[in-house]
Amino acid sequence: MAFYYDEPAHTFSEYLLVPGYSSEKCIPTNVDLRTPLVKFKKGEESAITMNIPMVSAIMQAVSGEKLAIALSKEGGISFIYGSQSIEDEAAMVARVKAHRAGFVSSDSNIRPDSTLADILALKERTGHSTVAVTSDGTVNGKLEGIVTSRDYRPSRMDRATKVRDFMTPIDQMIFAGKDTTLQQANDIIWEKKLNTLPIVDDEGRLLYMVFRKDYATHKEYPLELLDSKKRHIVGAGINTRDYAERVPALVDAGVDVLCIDSSEGYSAWQKLTLDWIRAHYGDSVKVGAGNVVDADGFRFLAEAGADFVKVGIGGGSICITREQKGIGRGQATALIEVCKARDEYYKETGVYVPVCSDGGIVYDYHMTLALAMGADFMMLGRYFARFDESPTNKVNINGTYMKEYWGEGSARARNWQRYDMGGAAKLSFEEGVDSYVPYAGSLKDNVNLTLSKIRSTMCNCGALNIAELQAKAKLTLVSATSLVEGGAHDVLLKENSNSSYPK
């Protein structure tokens with residue numbers, strides 16, 4: 001006879017936090033949102049600690065290199081999508097790592113024998129007025145000069161004029177060597193009153209550009225998440241099919257952490273993948289696994305060597321796994337059970353395996369609930385897909401700007417590896433949809449607003465960090481009637497109101 005759970009599975013919207021005592025220290029600016037990303041032993045620290053509890057989903061419509069850099073600046077981590085060729089994913093990771101904080105790989109490069117017309121076309125395409133002139137026009141070619149908007153006047157010059165005739169040549173430029181630190185570069189910029197400082201290697205090949213404007217920008221990101229070499233920290237998704245080729249390529253590209261991207265993680269395929277990584281790299285390569293929805297699934301992946309475990313099946317906004325296959329569990333119930341299993345595992349073994357809540361987040365307050373229920377961090381797809389930095393198109397739908405958003409289980413993604421059950425190399429049926437989400441603007445503005453809500457709610461609970469929140473939180477199930485009571489009711493809302501209530 002099948003096993004039946006005594007209680008129904010619940011979602012985040014069925015819970016509320018009950019306020020606790022707030023001391024005079026409980027103000028949002030005092031709240032620390034740092035959280036471990038990968039497992040660690042009792043008395044030690046996690047090898048990677050995030051400054052905010054947010055990572056972006058392993059999705060084509062979410063985690064490209066632009067979003068990875070933007071999220072790292074805010075203190076979180078992106079997992080570059082794995083549903084692309086090994087070469088393309090590795091190259092994307094490498095570009096994120098090359099985009100050192102303050103050290104920018106030039107994406108506006110030209111040859112000396114190019115023309116003013118080429119310069120203008122390049123500026124139109126990239127939006128950048130500073131162009132590096134290299135011997136072969138490549139990003140790492142030998143630096144021969146530089147062109148800025150002060151070097152030419154389109155209205156008075158022939159468009160056929162060669163770049164070498166109006167560029168500032170290398171012998172009239174100030175540049176710095178490969179071992180220059182960001183602090184030293186900024187000192188040179190300010191001392192010499194420069195807007196741009198090229199960084200070159202011993203043979204004169206261009207490595208990076210350091211811009212004056214980025215000095216102030218860097219100061220805007222106090223939680224920026226960087227590695228020991230001051231490079232952005234970035235993750236990447238892998239599957240259970242081609243890991244023997246994909247993992248080495250991603251490691252060579254400099255990836256900081258991997259995650260097996262799968263709709264269901266309680267399987268032999270994930271263990272085989274983890275076993276291979278441990279056999280070839282030991283514990284030096286960090287890799288998360290999932291997804292699971294109960295204690296048995298967590299224990300299986302923890303014992304298999306996962307560095308963190310993702311929780312959630314069928315709760316994503318574009319996921320239709322529950323409709324198609326009838327498997328899954330309410331996200332809140334699944335998270336509560338898995339986090340309890342994590343704590344028991346920690347008591348037994350002295351090894352803490354962080355839990356990632358993946359899916360089911362609709363409102364910002366759901367994130368605080370997920371943390372209170374035991375999650376160490378959240379993986380978010382729809383949330384990040386709405387921003388400028390996501391890799392999808394912004395489109396106008398009936399007068400409203402939207403962003404394209406599709407699931408990894410949709411026909412558009414063609415990500416059959418995510419649903420690997422040892423069968424043929426194809427997607428038998430869809431477990432995700434193709435859709436739109438409302439365009440929301442920049443990642444920075446939205447993430448800061450969300451984090452301000454989380455910090456404020458934590459203060460209401462008397463907590464100044466995530467561990468305190470989990471220890472002090474009091475949660476209550478709510479009735480259908482109280483859900484109505486919690487929103488605007490019994491009033492006529494003004495049409496032009498700036499209310500944040502869902503319409």
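Heavy atoms only: backbone and side chains are in, while hydrogens, waters and symmetry mates are out. We're numbering straight along the sequence, starting at 1.
When all heavy atoms of Leu274 and Ala289 are compared, the pair lying nearest together is CD1-CB, 4.3 Å. Of all non-hydrogen atoms in Asp179 and Gln184, the two that sit nearest each other are O-OE1, 4.0 Å. When every heavy atom of Leu197 is checked against every heavy atom of Ala176, the shortest pair comes out as CD2-CB, 4.0 Å. Scanning all heavy atoms of the two residues, the minimum distance from Asn109 to Gly137 falls at CB-O, 3.5 Å. Scanning both residues, Leu443 and Glu389, for their nearest heavy atoms gives N-OE1, 3.0 Å. Here the shortest heavy-atom pairing between Tyr405 and Gly381 reads OH-C, 3.4 Å.
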Using the side chain to side chain donor-acceptor pair (under 3.5 Å) rule, take Asp445 and Ser442 through it: C-alpha gap first, then chi angles, then the decisive distance, then the call. CA-CA 6 Å; Asp445 292 342; Ser442 74; 3.1 Å; yes
Val147/Phe166 under side chain to side chain contact (heavy atoms under 4.5 Å, CB included): CA gap, chis, key distance, verdict: CA-CA 8 Å; Val147 173; Phe166 60 88; 4.0 Å; yes
Let me see the working for Arg164 and Arg111 under side chain to side chain contact (heavy atoms under 4.5 Å, CB included), right down to the final yes or no. CA-CA 8 Å; Arg164 65 166 61 92; Arg111 293 163 56 104; over 6 Å; no
Check the pair Glu45 / Phe40 against side chain to side chain contact (heavy atoms under 4.5 Å, CB included), numbers first and verdict last. CA-CA 6 Å; Glu45 292 186 358; Phe40 58 93; over 6 Å; no
Side chain to side chain contact (heavy atoms under 4.5 Å, CB included) between Leu464 and Met458: does it pass, once the steps are laid out? CA-CA 7 Å; Leu464 291 176; Met458 288 173 63; over 6 Å; no
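The main-chain N or O of Val362 is found under 3.5 Å from a side-chain atom of Arg382 such that the two form a donor-acceptor pair. Judged purely by atom type and a 3.5 angstrom limit, Asn195 has no side-chain atom pairing as donor or acceptor with the backbone of Arg212. Using a distance-only test at 3.5 Å, with no hydrogens or angles considered, a donor-acceptor pair links the side chain of Asn140 to the main chain of Leu206. Side-chain atoms of Asp376 come within 3.5 Å of backbone N or O of Val355 as a donor-acceptor pair. For the pair Ser72 (side chain) and Ala68 (backbone), a donor-acceptor distance under 3.5 Å is absent. Checked by atom type and distance alone, the side chain of Ser63 pairs as donor or acceptor with a backbone atom of Ala57 at under 3.5 Å. A donor-acceptor contact shorter than 3.5 Å links the side chain of Ser390 to the backbone of Ala385. With hydrogens and angles disregarded, a donor-acceptor distance shorter than 3.5 Å links the side chain of Asp227 to the backbone of Arg231. No donor-acceptor distance shorter than 3.5 angstrom exists from the side chain of Ser46 to the backbone of Thr49, with no hydrogens or angles considered. Without hydrogens or angle criteria, Glu74 side chain to Asn448 main chain gives no donor-acceptor distance under 3.5 Å.
The pair Asp364-Arg455 fails the salt-bridge criterion, with no side-chain N (NZ, NE, NH1 or NH2) lying under 4.0 Å from an Asp/Glu carboxylate O. Salt bridge present: Lys97 and Asp256 bring a charged side-chain N and a carboxylate O closer than 4.0 Å. Under 4.0 Å is where a charged nitrogen must lie from a carboxylate oxygen, and between Lys142 and Glu203 no such pair does.
To the nearest 0.5 Å, the span separating CG on Leu225 from CZ on Arg34 amounts to 11.5 Å. Interatomic distance, CG of Asn460 versus OG of Ser456, reported as 5.0 Å (0.5 Å rounding). Remark: Thr450 OG1 to His366 NE2 distance equals 12.5 Å, nearest 0.5 Å. Note that OH of Tyr243 and CD of Glu245 are 9.5 Å apart. Values are rounded to the nearest 0.5 Å. To the nearest 0.5 Å, the span separating OH on Tyr436 from OG1 on Thr400 amounts to 13.0 Å.
Around CZ of Arg278, the count of heavy atoms belonging to other residues, nucleotides or ligands within 6.0 Å exceeds 12. Atom OH of Tyr281 sits in a crowded spot, with more than 12 heavy atoms from other residues, nucleotides or ligands closer than 6.0 Å. The environment of Lys41 atom NZ is sparse: at most 12 non-hydrogen atoms of other residues, nucleotides or ligands sit within 6.0 angstrom.
A cation-pi contact, defined as under 6.0 Å to the ring centre and within 45° of the axis, is absent between Lys453 and Tyr363. Note that Arg386 lies in the cation-pi zone of Tyr383, set by a 6.0 Å cut-off to the ring centre and a 45° limit from the axis.
For the pairing with Leu250, the side chain to side chain contact (heavy atoms under 4.5 Å, CB included) check across Val255, Ile80, Val285 returns one residue only, Val255. For the side chain to side chain contact (heavy atoms under 4.5 Å, CB included) test with Leu371, the passing option among Thr35, Thr457, Ile466, Leu335 is Ile466; the others fail. With Phe79 as the fixed residue, the side chain to side chain contact (heavy atoms under 4.5 Å, CB included) test singles out one of Val257, Leu258, Ile238: Val257.
Residues passing the side chain to side chain donor-acceptor pair (under 3.5 Å) test with Arg159: none are found, sequence neighbours excluded.
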